[in-house]
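So that the names make sense, note that chain A is the first sequence line, chain B the second, and so on, each numbered from 1. Keep in mind the model is a prediction, meaning the values are calculated, not measured.
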Number of protein chains: 2
Amino acid sequence: MSLPHAILGVLEARPMSGYELTRFFDSTARWVWTAPQSQIYPLLRKLEADGWIVGEEQVRGERLRRTSYSLTSAGLDELGRWLTETYAEPNVRDGLLLKALFFDLADAEGASSVLAEHVLELEERVSQWSAHRVALVARDTPLLRERLDHRPESEHERIALLKAHVFEYLIDQAELRIRWCRDTMTMLG
Amino acid sequence: MSLPHAILGVLEARPMSGYELTRFFDSTARWVWTAPQSQIYPLLRKLEADGWIVGEEQVRGERLRRTSYSLTSAGLDELGRWLTETYAEPNVRDGLLLKALFFDLADAEGASSVLAEHVLELEERVSQWSAHRVALVARDTPLLRERLDHRPESEHERIALLKAHVFEYLIDQAELRIRWCRDTMTMLG
DNA sequence: ACATACATGTAAATGGTTACATGATTTA
DNA sequence: TAAATCATGTAACCATTTACATGTATGT
């Protein structure tokens with residue numbers, strides 16, 4: 001649903017091939033939006049058909065080609081349109097909360113260890129988000145640098161801080177969840 | 001993925017027909033997990049085939065039948081197993097954060113109004129969650145009362161508080177998000 | 001008599017995940 | 001020369017959403 005626009009947003013920084021996008025959505029972008037390769041390649045062809053991106057065939061080596069896609073001005077317009085379009089919050093669908101709702105029917109030990117494992121997973125994420133947030137504030141991520149290269153310097157600080165603020169939310173939200181898990185563990189006794 | 005177990009958990013309170021479950025997942029349960037009718041009916045037949053629930057045909061009026069499903073002891077076991085099974089946190093996929101990540105490319109007015117509308121939606125949810133939380137603490141929801149009826153009284157308080165605590169999380173998390181939206185609006189200028 | 005609620009079903013489409021498949025190029 | 005990385009593709013499956021379809025019972 002949002003993947004097409006996620007791709008447009010990434011390509012605004014610089015042109016990329018399907019392979020590069022796949023790696024990006026599996027590494028850095030993974031912390032905000034993920035997509036497997038099988039979703040990316042067909043979508044790139046669709047976005048090109050819509051005129052929002054253009055692919056340029058590049059020759060590497062003897063017979064290895066790769067297609068580098070760049071954002072068109074129609075694509076940038078579409079991105080701007082989508083950004084100000086009303087956001088419809090999806091229905092809540094949180095598997096952990098669903099379990100917690102029935103924890104009184106479970107063995108307390110088992111329920112506690114589900115929460116403990118979850119806390120570890122969240123702490124892992126927090127540390128990666130924190131590192132990325134610091135890098136954004138320092139304007140020290142490869143993609144952000146390429147992005148800022150074609151934007152006026154007067155806007156650089158605002159752009160970096162807006163992006164870093166997104167990661168601040170991810171961190172705060174995970175920390176709230178960690179506290180909640182610990183409280184629940186206490187209640188389970 | 002979690003819907004089968006959500007249904008088992010609901011049926012632990014009391015037997016219900018597909019129609020009742022549909023209404024429940026569209027009203028009260030909506031605030032934790034939603035499911036449309038088209039998902040529920042086929043799933044009930046599957047859960048019965050698995051032996052986790054049993055349907056009892058009831059005759060209402062002349063030729064109107066309805067099937068009331070109740071949890072079997074195998075179903076209760078399966079619910080217990082699922083509750084203590086490791087929870088795998090799904091990938092982050094938050095459409096609002098994705099927009100926010102690119103808000104520097106959008107008209108500031110438009111971006112702000114997306115956030116303002118979102119705040120209204122969240123406030124709406126908070127008020128419904130709060131009401132439900134209060135009802136749970138007071139042990140004053142129809143389903144909770146039926147649930148407590150077949151549980152020892154010594155456990156009643158713990159059960160009610162555990163459930164209410166889930167709603168506390170939903171509320172706190174939405175309030176954090178509201179604050180973040182407001183901060184972002186300030187940053188947009 | 002008409003509208004609303006009760007009751008159950010199917011079909012089509014979308015979005016996402018996992019797995020399979022193929023082959024070239026680079027690096028150890 | 002073997003393993004890792006580059007590069008692109010398809011197929012099958014699962015969960016979810018939206019829409020269509022049908023008929024009965026009840027309350028106004």
Side-chain angles (χ1 to χ4, degrees), chain A residues 1-8 11 15-27 29-30 32-50 53 55-69 82 87-95 98, chain B residues 1-8 11 15-27 29-30 32-50 53 55-69 82 87-95 98:
Chain A
M1 200 195 60
S2 296
L3 184 59
H5 298 97
I7 290 176
L8 296 182
L11 295 182
M16 283 193 195
S17 68
Y19 185 75
E20 284 177 286
L21 282 165
T22 299
R23 288 209 333 165
F24 185 69
F25 276 96
D26 203 52
S27 57
R30 198 178 182 284
V32 173
W33 201 275
T34 5
Q37 178 252 59
S38 62
Q39 240 187 321
I40 290 171
Y41 284 100
L43 192 50
L44 285 170
R45 293 194 294 270
K46 196 195 163 280
L47 292 175
E48 186 170 33
D50 290 338
I53 62 177
E56 195 203 348
E57 192 103 329
Q58 294 178 333
V59 187
R60 304 187 353 102
E62 296 281 304
R63 71 201 83 179
L64 189 58
R65 81 230 129 80
R66 86 162 175 182
T67 313
S68 183
Y69 292 92
W82 174 77
Y87 170 69
E89 179 78 343
N91 294 318
V92 183
R93 193 171 279 119
D94 186 322
L98 188 64
Chain B
M1 202 193 61
S2 298
L3 184 59
H5 298 97
I7 290 177
L8 297 181
L11 294 182
M16 283 194 196
S17 66
Y19 185 75
E20 284 177 286
L21 282 165
T22 299
R23 287 207 334 164
F24 185 69
F25 277 97
D26 204 51
S27 58
R30 197 178 183 283
V32 174
W33 201 276
T34 5
Q37 177 252 58
S38 63
Q39 236 186 325
I40 290 171
Y41 284 101
L43 193 50
L44 285 171
R45 293 194 294 270
K46 195 195 164 279
L47 293 175
E48 187 170 32
D50 290 338
I53 63 177
E56 195 202 347
E57 192 104 328
Q58 294 177 332
V59 186
R60 304 189 352 103
E62 297 281 303
R63 69 201 83 179
L64 190 57
R65 81 230 130 80
R66 85 161 176 183
T67 313
S68 183
Y69 293 92
W82 174 77
Y87 170 69
E89 177 80 341
N91 294 317
V92 184
R93 195 171 277 119
D94 186 323
L98 188 64

Distance col, row B/Glu48:CD vs B/Thr67:OG1, nearest 0.5 angstrom, shows 8.0 Å

With five pairs defining each end axis, the helix from C/dA1-D/dT28 to C/dA28-D/dT1 comes out bent, to 10°, by 20°

* N/O (side chain, A/Tyr41) to phosphate O (OP1/OP2, D/dT8) under 4.0 Å -> yes

Using a 4.0 Å heavy-atom cut-off, does A/Thr22 contact any base of the nucleic acid, only the sugar-phosphate backbone, or nothing at all?
nothing

I would like to know whether A/Glu20 and A/Ser17 meet side chain to side chain contact (heavy atoms under 4.5 Å, CB included); could you show each step before the answer? CA-CA 5 Å; A/Glu20 284 177 286; A/Ser17 68; 3.5 Å; yes

Between CD of B/Glu57 and C1' of C/dA7 the distance, given in whole Å, is 11 Å

Distance-only donor-acceptor hits, side chain of residues 34-41 of chain B, under 3.5 Å, sequence neighbours excluded:
from: B/Thr34; atom 1: OG1; to: A/Asn91; atom 2: ND2; distance (Å): 3.4
from: B/Tyr41; atom 1: OH; to: B/Tyr19; atom 2: N; distance (Å): 3.1

The answer to which of B/Glu20 and B/Ser38 contacts DNA chain C further toward the 5' end, by nearest nucleotide, is B/Glu20

Original post:
Counting just side-chain N and O atoms, does A/Arg45 come under 4.0 Å of either OP1 or OP2 of D/dG9?
Top reply: yes

Atom CD of A/Gln37 and atom C1' of C/dA19 are separated, to the nearest Å, by 11 Å

note: A/Lys46, atom NZ; D/dT10, atom C1'; distance rounded to Å ~ 19 Å

Closest non-hydrogen atoms of B/Leu44 and B/Ile53, given as atom of the first, atom of the second and distance, are O-CD1, 3.5 Å

Taken to the nearest whole Å, CG/B/Leu43 to P/C/dT10 is 13 Å

* To do: Respond yes when some side-chain nitrogen or oxygen of A/Tyr19 is under 4.0 Å from OP1 or OP2 of D/dC6, and no when none is.
  => yes

ask   = Think A/Asn91 has a side-chain N or O under 4.0 angstrom from the OP1 or OP2 of D/dT17?
value = yes

Worked check of side chain to side chain contact (heavy atoms under 4.5 Å, CB included) between A/Asp94 and A/Leu98
CA-CA 6 Å; A/Asp94 186 322; A/Leu98 188 64; over 6 Å; no

| task | Could you tell me whether the phosphate oxygens of D/dT5, OP1 or OP2, come under 4.0 Å of any side-chain nitrogen or oxygen in A/Arg66? | result | no

In whole angstroms, the gap separating P of C/dG9 from CD of B/Glu48 amounts to 11 Å

note: B/Arg93, atom CZ; D/dT16, atom P; distance rounded to Å ~ 13 Å

Separation of C/dT14 atom C1' from A/Gln39 atom CD, nearest Å, is 10 Å

Looking only at heavy atoms, the pair that brings B/Tyr69 and B/Gly55 closest together is CD2-CA, 3.5 Å

A/Asp26 CG to C/dT18 P, in whole Å, measures 11 Å

Value for OH (A/Tyr87) from OG (A/Ser2), rounded to nearest 0.5 Å, stands at 7.5 Å

